[in-house]
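Remember, predicted model here, so these are calculated numbers, not experimental data. Letters go in sequence order (proteins before strands), and every chain restarts at 1.
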Protein chains: 4
Amino acid sequence: MLDAAVRVFSHRGFHAASMDEIAEVAGISKPMVYAYLGTKDELFVACLHREATRLMEAVAAGVLPTAKPDEQLWHGLRAFFTFVGDHRDGWRVLYRQARSEPHFAGELAGMRARIVEVVAGLLASAATAAEVPGRPGDFTAMAYAYVGAAESLADWLADHEEEDPDHTATRMMNFVWVGADSLLQGRVWRA
Amino acid sequence: MLDAAVRVFSHRGFHAASMDEIAEVAGISKPMVYAYLGTKDELFVACLHREATRLMEAVAAGVLPTAKPDEQLWHGLRAFFTFVGDHRDGWRVLYRQARSEPHFAGELAGMRARIVEVVAGLLASAATAAEVPGRPGDFTAMAYAYVGAAESLADWLADHEEEDPDHTATRMMNFVWVGADSLLQGRVWRA
Amino acid sequence: MLDAAVRVFSHRGFHAASMDEIAEVAGISKPMVYAYLGTKDELFVACLHREATRLMEAVAAGVLPTAKPDEQLWHGLRAFFTFVGDHRDGWRVLYRQARSEPHFAGELAGMRARIVEVVAGLLASAATAAEVPGRPGDFTAMAYAYVGAAESLADWLADHEEEDPDHTATRMMNFVWVGADSLLQGRVWRA
Amino acid sequence: MLDAAVRVFSHRGFHAASMDEIAEVAGISKPMVYAYLGTKDELFVACLHREATRLMEAVAAGVLPTAKPDEQLWHGLRAFFTFVGDHRDGWRVLYRQARSEPHFAGELAGMRARIVEVVAGLLASAATAAEVPGRPGDFTAMAYAYVGAAESLADWLADHEEEDPDHTATRMMNFVWVGADSLLQGRVWRA
DNA sequence: TATGAATGAGAATTCATTCAT
DNA sequence: GATGAATGAATTCTCATTCAT
């Protein structure tokens, strides 16, 4: 049902997507689209929610809560990039479109916040394990940076058909973890 | 002149921005907008180019070509985040709007590619200096990741008035450099 | 449906006719005009075709293929002028508007050419019947002249409500046939 | 001065012609066009008048008032078609455009009426000379038909670069005079 | 329930026309 | 006297959205 909408939004962009085309791709008539899914805005938000939920479920399913932090991260990233690789359309809708329409920025911010907090929690527990003196509030900031980096790589992945999700995940892991590891051992760069 | 356009594009998004509003904000009449800057598309591209040019000049001006790689990076990042902090609207146009309109993605990709290559060059010279055996093609990939991360932080900065650009730059530096440093010393994370 | 368009085009001219007015006269809303008939250009061409088809059908219906040439001509002219008298608006669109828009001149030229050839054929068969030594290619030129004259009279008729189509046809017949008759008997004027 | 206007009106059509282009072709600035020639409508009427005047003068100059009617007609036609051949642009403005813009139909009608009366006078004097019992009012109608035919041929001539004006005049003469001659000798066609 | 048909509102773009220099 | 710069007013065309069936 929403698949058609996601596909159209993804290929055309939010504004350029017409309800006509969505209805046609969905194989039903326009009034039905309205009956089932409401306004164009509501429809877009529905797409957003579904894709976000699927994404979070996929990541959650990939992570073993009992594993070590770096392994949790690795599995999480792998799940994340695999999902993005398998749902390129969904990813585009989620990020590119939602971000560019100020109207939906709020929606998106909420969903991101949830992810960020998960990552921040991961970092915090890793820091505790390594007995690094905590700079508590900043875990969130770091998490933001990591999430942002992952998003960007995902975005890049979505545009490169030939790229392998696992490969991308490995890159990200090197990028993040080796740096994070050092950071968590107390090394800090200063101007 | 372009300021008004950038402001409106930034706040409304490309499609939702109306030439009427742009003209009004600019304090001139619509036909003048067309006379000076042409079509809506051309106007948008003009905004894009101006913001991109300013950004690159700001960064270039901040960097001392003779400094050590990490200092170059630090100054570059500082200049970058400062610029974004000072031109939040411009950044939104550049990063969000341009990316989400398939029509302008090409324009933007070119500009990004140039930045990525600069960063890749920086990484390569740092690797050479550290006498790390080169994995040549991958510097570009790393650069992409770094640029993406910086963009994401910048994007976040653009939405948070209270955030200090220097602080953001420091975060990014820790995030990037300490990680990069470790990588360049040959440490690699493996699954 | 097209009636409204023909009426407006006829009274205002192609450019001055606004889709708004056409929709209003048709008693439907503008988007419907677009849905049914497409672009303004397409709409105009549609008018053109319908009027031209009707005209040719009316003339064809009036002519008895077995009659003598002058009678065929007479009936054809009568049908022609009657039609024009009954569809003054349509004629104006066909003759004046279409001709003055370079864009549509081609469309019209094709339709005219078909009529001209019919008339030329008529003249040729009359010449054969009268055993006048043929000046073959020139029948077309003559036909052009006749068609042009008929058009002009029709145009005049279109602007004069009080004029009787049959009367006009008789005039044209005298004008054409008495001359043609002489010509076909071999009389030629020389400077 | 008006030349530029005539050229532009002729090539673009009345509506599609922009004052900008006229000014540019004329080599002066737009406000000057307004200062010298007034509104677009006024400018068009000025073009109309000038071309019409030139046409009538050319025809008048070609005719010898003392010659026989058929020779007067012949010289008149020759002058007419020669003029049209030499001023194709002017002719297009005069006829095609003026006719299609209902707004200028009146202007044009007046100019035509003057020509028609001249021709009608010619026919009347020929009839008198031939001692044909006059059907007085109808000379005007005949003249209308002749003028219309000449216009149409002229129109055709204007579109065919290769056609020779004298040749066209001869065609018209045969077409008109051989018929007129018969008519003036009392022959009439009847249904 | 499903839809074909209909529309109100609004967007980009263009021009004839006029000031201020 | 000449013009560069400015605009009010239209015009075409599109689309989210809703009835009547």
Side-chain angles (χ1 to χ4, degrees), chain A residues 5 8-9 12-24 26-44, chain B residues 1 5 8 12-24 26-44, chain C residues 1 5 8 12-24 26-44, chain D residues 5 8-9 12-24 26-44:
Chain A
V8 175
F9 279 135
R12 302 268 189 229
F14 176 73
H15 265 102
S18 79
M19 294 300 265
D20 277 283
E21 187 177 357
I22 291 172
E24 193 188 3
I28 58 178
S29 76
K30 230 184 331 171
M32 280 300 96
V33 177
Y34 279 88
Y36 284 136
L37 302 161
T39 275
K40 192 185 186 185
D41 281 24
E42 290 164 356
L43 172 53
F44 187 76
Chain B
M1 288 280 175
V8 175
R12 301 271 191 228
F14 176 73
H15 265 105
S18 81
M19 294 300 263
D20 277 287
E21 187 178 358
I22 291 172
E24 193 185 5
I28 58 178
S29 72
K30 225 185 336 170
M32 278 298 96
V33 177
Y34 280 89
Y36 285 138
L37 302 161
T39 282
K40 194 184 184 185
D41 280 25
E42 289 165 355
L43 172 54
F44 189 74
Chain C
M1 289 280 175
V8 174
R12 301 270 190 229
F14 175 73
H15 265 104
S18 82
M19 294 300 265
D20 277 287
E21 187 178 356
I22 292 172
E24 194 186 3
I28 58 179
S29 73
K30 222 184 339 168
M32 278 298 95
V33 177
Y34 279 89
Y36 285 137
L37 301 162
T39 281
K40 194 185 184 184
D41 280 25
E42 289 166 354
L43 171 54
F44 188 75
Chain D
V8 175
F9 280 135
R12 303 267 190 230
F14 175 73
H15 265 102
S18 79
M19 294 300 266
D20 278 284
E21 186 177 358
I22 292 172
E24 192 189 4
I28 59 180
S29 75
K30 232 185 328 172
M32 281 298 96
V33 177
Y34 280 87
Y36 284 137
L37 302 162
T39 275
K40 192 185 186 185
D41 280 24
E42 289 165 356
L43 172 53
F44 187 76

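Nearest to the side-chain atoms of D:Tyr36 among the listed nucleotides E:dA6, F:dA2, E:dA2 stands F:dA2.
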Encode nucleotides 14-21 of chain F as B, S and - characters from 5' to 3', where the letter depends on protein heavy atoms closer than 4.0 Å: B to the base, S only to sugar-phosphate, - to neither.
BBSBBB--

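Scored by the salt bridge (charged side-chain N to carboxylate O under 4.0 Å, His left out) test, A:Glu21 finds A:Arg12 as partners (sequence neighbours excluded). A:Leu43 meets the side chain to side chain contact (heavy atoms under 4.5 Å, CB included) test with A:Leu2, A:Ala5, A:Phe9, A:Met19, A:Ile22, A:Val33, A:Leu37, A:Cys47; sequence neighbours excluded. The salt bridge (charged side-chain N to carboxylate O under 4.0 Å, His left out) test applied to B:Lys30 returns B:Asp20, not counting sequence neighbours.
Of all heavy-atom pairs between D:Ala23 and D:Ser29, the closest is CB-C, 4.0 Å.
Place A:Ile28 and C:Gly27 on DNA chain E by their nearest nucleotides, and A:Ile28 ends up nearer the 5' end.
The nearest whole Å value for the distance from the CG atom in D:Leu43 to the P atom in E:dA16 is 11 Å. Rounded to a whole Å, the CE atom of D:Met32 is 18 Å from the P atom of E:dA16. Distance, C:Glu21 CD to F:dA10 C1': 13 Å, rounded to whole Å.
Base-pairing analysis of DNA chain F finds the following stems of at least three consecutive Watson-Crick or G-U pairs, with both pairing distances under 3.5 Å: E:2-21 with F:2-21.
Residue pairs meeting the salt bridge (Lys or Arg N to Asp or Glu O under 4.0 Å) criterion with at least one member in residues 32-43 of chain C: none, sequence neighbours excluded.
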